[in-house]
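Inspection log for the structure reproduced underneath, given as structure tokens.
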Amino acid sequence: MKKHNYSAGPCILPQEVFEKSAQAILNFNDSGLSILEISHRSKDFVAVMEEARALVLELLDLQGKGYQALFLQGGASMEFLRVPYNLLRDGGKASYLDTGTWAAGAIKEAKAFGETIVVASSKEDKYNHIPKHYAIPADADYFHCTSNNTIYGTQMKEFPETKIPVVCDMSSDIFSRQLDFSKFDLIYAGAQKNMGPAGVTLVVVKEAILGKTGRNIPNILNYQQHIEKESMYNTPAVFAVYTSLLTLQWLKRQGGIPAIEKINEAKAQLLYAEIDRNPLFTGTAVTEDRSNMNATFLLKDETQAQAFDRYWKEAGISGLTGHRSVGGYRASMYNALPLESVQVLVDVMKEFEKTNA
């Protein structure tokens, strides 16, 4: 039976990426060696890293605009720490928008480095919306936001205008929609949600904002060191970088971000229409802030959960259970999830309605 993978991360990847990466494990570039055992300093892998970094900037339309793309380790959680280390001046302050669990984690780390202002939060409403009409301090060293909130199913549709550097955690919607990425001074994203396997983190940073904190930054945490060493200050996650490159190549062949955005819109509209139509279900996020990547919803009658779970599992659907902290259901519709899989879920919801309404 075909599986329909709605996992929030590690997530679904294109089938051709699985096939090419599997072949590389056996024999990479006809070298007779596995991608898992080659030197990260070999010409073959250096070429992989260089192409991956260049392709990131190409897809984001940031070529020649003063940005560097880095493939690092430690996940987005490491960037919670690395961002204030590199951007929050000694004696300065940072501003953050609190829209969910991961935004709150970033705020907690920043507080260890200096004054951290939360400009707005939707925590009191269980993070069911994106705060609006907040003021960003003009004297802050940077403004940090999280573009998509996987646990609560919300997504920022607009970003504030400010003259201070803007930092964005795009872990779960990077490469999924068109934005003016030049409005962001630093973007970071764990690869495992929309770009590749777990084990590597993408950082895209404008070099001009670095080196202004007045503090001594340990090399492993210093973006400037990683730029100088071309993402090889320490041994990179070779296989994860290679698989991310394959995914980026796949995306380019699909027509890039403009093409994939249309598909993502169609998937989201199809599922949300059924959530809103079906009397057995209800969405959890405010309609205007609903995420195209992670649709969160509940059964109105929780006693029907066991029966509904049986329905979707029998249809070959996987990973639909909501985050452990909130329960319910979460359909993660990342780039590689086909429209066909969303139709299967919608059909299951309709069939469940017929037999249980």
If you measure from the Lys or Arg side-chain nitrogens to the Asp or Glu carboxylate oxygens, is any gap between E161 and K183 under 4.0 Å? yes
Does P131 offer a backbone N or O that forms a donor-acceptor pair with the side chain of S122 under 3.5 Å? no
When you look at Y311 and T355, which way does the side chain to side chain contact (heavy atoms under 4.5 Å, CB included) test go after all the steps? CA-CA 11 Å; Y311 265 68; T355 56; 2.7 Å; yes
Mind checking whether F143 and F184 have ring centres under 6.0 Å apart? no
Look at the side-chain heavy atoms of Ile, Leu, Val, Met, Phe, Trp and Tyr, link any pair under 4.5 Å apart, and say whether L298 and I151 land in one connected group. no
Salt bridge between E274 and R277, side-chain N to carboxylate O under 4.0 Å? yes
Is the shortest distance from a Lys or Arg side-chain nitrogen in K262 or E265 to a carboxylate oxygen in the other one below 4.0 Å? no
Classify the ring geometry of F80 against Y188: parallel below 30°, tilted from 30° to 60°, perpendicular beyond 60°. perpendicular
The test is ring-ring contact (aromatic ring centres under 6.0 Å, His included); show your working for Y242 and F28 and say whether it passes. CA-CA 10 Å; Y242 176 67; F28 177 58; 5.2 Å; yes
If we ignore hydrogens and angles and just use 3.5 Å, is the side chain of D61 paired with the main-chain N or O of D180 as donor and acceptor? no
Identify which one of Q155, K132, K157 satisfies the side-chain hydrogen bond (donor to acceptor under 3.5 Å, both in side chains) criterion when paired with D289. K132
Please go through L26's hydrophobic cluster and name the other residues, only I, L, V, M, F, W, Y counting, with side-chain heavy atoms under 4.5 Å joining them. none
Hey, could you give me each pair passing salt bridge (Lys or Arg N to Asp or Glu O under 4.0 Å) that has a residue in residues 317-332? Not counting sequence neighbours. none
Applying salt bridge (Lys or Arg N to Asp or Glu O under 4.0 Å), can you list everything that pairs with R215, at least two apart in sequence or on another chain? none
Given Q73, which partner from the list I220, N234, T201 fulfils the side-chain contact (heavy atoms from CB on, under 4.5 Å) test? N234
Option from V167, I209, L88 for which side-chain contact (heavy atoms from CB on, under 4.5 Å) with D141 holds: L88
Start with the C-alpha gap between N294 and Y152, add the side-chain angles, then the distance that decides, and say whether side chain to side chain contact (heavy atoms under 4.5 Å, CB included) holds. CA-CA 8 Å; N294 312 96; Y152 303 95; over 6 Å; no
